[in-house]
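Here is the structure we will look at, set down as structure tokens.
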Amino acid sequence: MINQNIPKIYNHLLSVYGYQGWWPLVHTIDDPALRSLADGYHPGQYDFPRTDAQKLEICLGAILTQNTRWLNVVKCLSSLETSKLLSIDHLLESRPGQIALAIKSVGYYNQKAKYLKNFAVFLSDHPFSELEDLPSADCRRMILDIKGIGQETADCILLYALRKTSFVVDAYTRRIFSKFDIVEPDASYQKIKVLCESSLPDDLPMFQEFHALFVKHGKRFYSKKPHGAEDFLLTEHLFQRGPI
DNA sequence: AACCAGGACGTGA
DNA sequence: TCACGTCATGGT
């Protein structure tokens with residue numbers, strides 16, 4: 001199953017918003033100029049993450065941002081850094097209660113403290129170097145077995161930390177696609193993922209930009225409680241007439 | 001002052 | 001499988 005509107009939407013959003021430079025590395029980015037320039041974002045540079053610390057920051061951020069504003073996550077990442085908890089070994093040594101103290105501003109802090117620790121335990125058995133060499137599908141199954149990692153979080157980790165072309169579906173993707181009847185409003189995660197992966201070229205930077213652009217555009221026009229504006233950008237672009 | 005945010009899990013039908 | 005309650009802080 002292929003849908004030609006999907007690459008069309010991608011190209012238009014890219015032309016409107018430009019490169020997003022995801023995943024933001026707020027604390028472990030090693031280039032100070034870049035860090036202050038774009039608040040952790042690194043538009044046009046696709047050789048991140050460069051260190052295991054950066055990979056870990058992406059994974060922890062992906063868990064922390066579940067149903068949570070990114071701004072809150074940034075606060076938590078810095079307090080985790082202050083508490084020396086931005087490391088696998090220190091997470092392993094800490095009790096969930098101690099971790100919870102550092103991530104209070106994110107909400108769900110008791111649950112997520114356990115999730116972070118679960119992930120650290122997993123990484124101590126399967127270091128990044130091992131995961132990166134695994135086929136994407138195998139790696140995905142393993143990550144999904146961790147309690148606290150669902151499909152979206154797993155795909156974020158695969159796409160941004162492990163650099164595997166695994167499509168990320170989020171709430172904005174479902175809302176945007178269902179508005180233009182590309183999928184049903186209640187379509188399954190897997191269905192949307194497969195549709196997108198077969199409608200797009202197998203290209204890592206593109207997948208990374210795609211999700212980032214959908215979040216950017218989704219925040220603007222597709223919040224759950226509509227605050228007025230309709231999505232004129234995509235409606236005009238998709239419904240304009242082609243050449244005669 | 002309700003309502004939502006870059007979801008996931010446990011439960012019961 | 002699926003609909004629904006729960007987890008919880010901070011911004012609008």
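All values below come from the heavy atoms of this structure, side chains included, with hydrogens, waters and symmetry mates left out. Below, chains carry the letters A, B, ... as their sequence lines are ordered, and counting in each starts from 1.
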*Can you tell me how far the CD atom of A/Gln208 sits from the CH2 atom of A/Trp22, to the nearest 0.5 Å?*
11.0 Å
*Cation-aromatic face contact A/Lys193/A/Phe167, 6.0 Å, 45 degrees*: no
*Where the side chain of A/Tyr41 is concerned, which of C/dT9, B/dG6, C/dG11 is the nearest nucleotide?*
B/dG6
*asked:* Nearest to the A/Pro24 side chain among B/dA8, C/dG10, B/dG6, which nucleotide is it?
replied: B/dG6
_Euclidean distance for P, B/dA8 against C/dG10 (whole angstrom)_ = 22 Å
_Nearest-neighbour nucleotide for the A/Lys147 side chain, B/dG7, B/dG6, B/dG10 considered_ = B/dG10
*Among B/dG6, B/dC4, C/dA8, find the nucleotide with the atom closest to the side chain of A/Tyr109.*
C/dA8
*Look at the rings of A/Tyr160 and A/His211 and say which category their plane angle falls in: under 30° parallel, 30 to 60° tilted, over 60° perpendicular.*
tilted
*Mark this stacking check for A/Tyr172 against B/dG6 as yes or no, applying ring centres under 5.5 Å and ring planes under 30°.*
no
*Considering only atom C1', compute the distance from C/dC4 to B/dG6 and round it to an integer number of Å.*
23 Å
*asked:* Ignoring hydrogens, what is the shortest heavy-atom contact between A/Leu195 and A/Ser199? Give both atom names and the distance.
replied: O-OG, 2.7 Å
*Please determine, for the side chain of A/Asn67, which listed nucleotide (B/dG6, C/dG11, B/dG7) has the closest atom?*
B/dG7
